[in-house]
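All of these numbers come straight from a predicted model, not from anything done at the bench.
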Amino acid sequence: MPQETEPEIIDLTCLSESESEEEDEEDLDSEQASDESSLDDDIAEVPLNATSRKRLRDAIGELGEDRLRRILSDLVDTIPEVEETLTSQLLTLKRKTRDVIYRWETCTNCDEEFDTASRREEEECSFHPGELEIDEGEFVDWESCHGPKDSSRNPKDYPENFKWTCCEGDGRAEGCVRGIHRPMLKKRRM
C-alpha cells in the first residue's frame, strides 16, 4: 500500500512584515521580467496578415505624434526604401526654382490641406474673408436658458444663428470667395 506523504507546513509567523514584503517584491520583479521577455518574444512573432495589419493601423491611429515621428525618422535612417517612399510622399520640387519644398500644406484661406505638387485650379478654394458674428434675432432668450451666446462652441453647434460679415450668409453658407489654395506663411527651415 502506498505511503501517504504529509503536506509540508511552513511557519510564516516568525517572518517580519518587511521580509515578507521584500519576498513579495522579488516575486513581482521576477514575474515582470518574465512577462517582459515573453512580450519581446510575442512582438517578434506577430504574423503579417490581414488581422495584424488592421491592428497595426489601429495602433498607428492611437500612437502619439512624437513617437510616430521618431519611428518614421528611424526607419528613414535605416531603410533606403522607406526614405525613398516618404520623400516622394512628403516632398516635391518647386516648379520654377526646383527647390525642395513640403508637398502638403494647409491653405491660409480655407484651412484645407492641399497637395503643392498638383496644379492649382482657379476655384479650388472656397472661403469667407469676413468674420462670423452673432445674429441677435436668432438667439431670443438664449442666455437665460443656455448661457453666453458668444461661446466658442456655439458657431460650431448652431451655425444657423451666426452671419458672415462679408456676405450676410449664415454660418452654414459655402464660402463667398473662390480662388486657389494659398499656403500658410510659416518660417520653416529645410
Legend entry - P47 backbone acceptor or donor facing S52 side chain under 3.5 Å: yes
Inset, instruction - Mind checking the CG-CD spacing from D135 to E168? Nearest 0.5 Å is all I need. - result: 8.5 Å
Legend entry - Pairwise side-chain contact, M184 with D111, heavy-atom cut-off 4.5 Å (strictly under): yes
Inset, instruction - Starting from the C-alpha separation in whole Å, work towards a yes-or-no answer on side-chain contact (heavy atoms from CB on, under 4.5 Å) for F162 and D170. - result: CA-CA 5 Å; F162 291 81; D170 74 18; over 6 Å; no
Legend entry - Within-4.5 Å side-chain heavy-atom neighbours: R119 and R95: yes
Inset, instruction - Give the minimum heavy-atom separation between D115 and A117, together with the two atoms involved. - result: OD1-N, 2.8 Å
Inset, instruction - Give a yes or no on whether E160 atom CD has more than 12 heavy-atom contacts from other residues, nucleotides or ligands under 6.0 Å away. - result: yes
Inset, instruction - Please name all residues satisfying salt bridge (charged side-chain N to carboxylate O under 4.0 Å, His left out) with R182, sequence neighbours left out, ordered by chain then number. - result: none
Legend entry - Student check: side-chain heavy atoms of L91 and Y102 closer than 4.5 Å: yes
Legend entry - Inter-residue atom distance Q89.CD - T87.OG1, 0.5 Å rounding: 10.0 Å
Legend entry - Check: R120 side chain, S118 main-chain N or O, donor-acceptor pair, under 3.5 Å: yes
Inset, instruction - Might you point out which heavy atoms bring G171 and L132 nearest each other, and give the distance in Å? - result: CA-CD1, 3.8 Å
Legend entry - Student check: side-chain heavy atoms of C176 and S126 closer than 4.5 Å: no
Inset, instruction - List in chain and number order the residues that pass side chain to side chain contact (heavy atoms under 4.5 Å, CB included) with E133, two or more places apart in sequence or in another chain; answer none if no residue qualifies. - result: T165
Legend entry - L90 CG to W104 CH2 distance, which is reported to the nearest 0.5 Å: 9.5 Å
Inset, instruction - Spell out, as yes or no, whether a donor-acceptor pair under 3.5 Å connects the side chain of H181 to the backbone of E113. - result: no
Inset, instruction - Locate the shortest heavy-atom distance separating C166 from H128; write the atom from each residue and the value. - result: SG-ND1, 3.5 Å
Inset, instruction - Using the rule that two of Ile, Leu, Val, Met, Phe, Trp, Tyr join whenever any of their side-chain heavy atoms come within less than 4.5 Å, decide whether I79 and L48 are in one cluster. - result: no
Legend entry - Hydrophobic cluster membership, W164 vs I134, 4.5 Å side-chain cutoff: yes
Inset, instruction - State the CD1-CG distance between I71 and L75, to the nearest 0.5 angstrom. - result: 7.5 Å
Legend entry - Salt-bridge contact D66-R70 (side-chain N to carboxylate O under 4.0 Å): no
Inset, instruction - Working to the nearest 0.5 Å, report the span between CZ of F114 and SG of C125. - result: 8.5 Å
Inset, instruction - State the CD-OG1 distance between E83 and T78, to the nearest 0.5 angstrom. - result: 10.0 Å
Inset, instruction - Tell me, please, which residues at least two apart from L72 pass side chain to side chain contact (heavy atoms under 4.5 Å, CB included). - result: L86
Inset, instruction - Looking only at non-hydrogen atoms, find the nearest pair between I101 and L93 and report the distance. - result: CG1-C, 4.5 Å
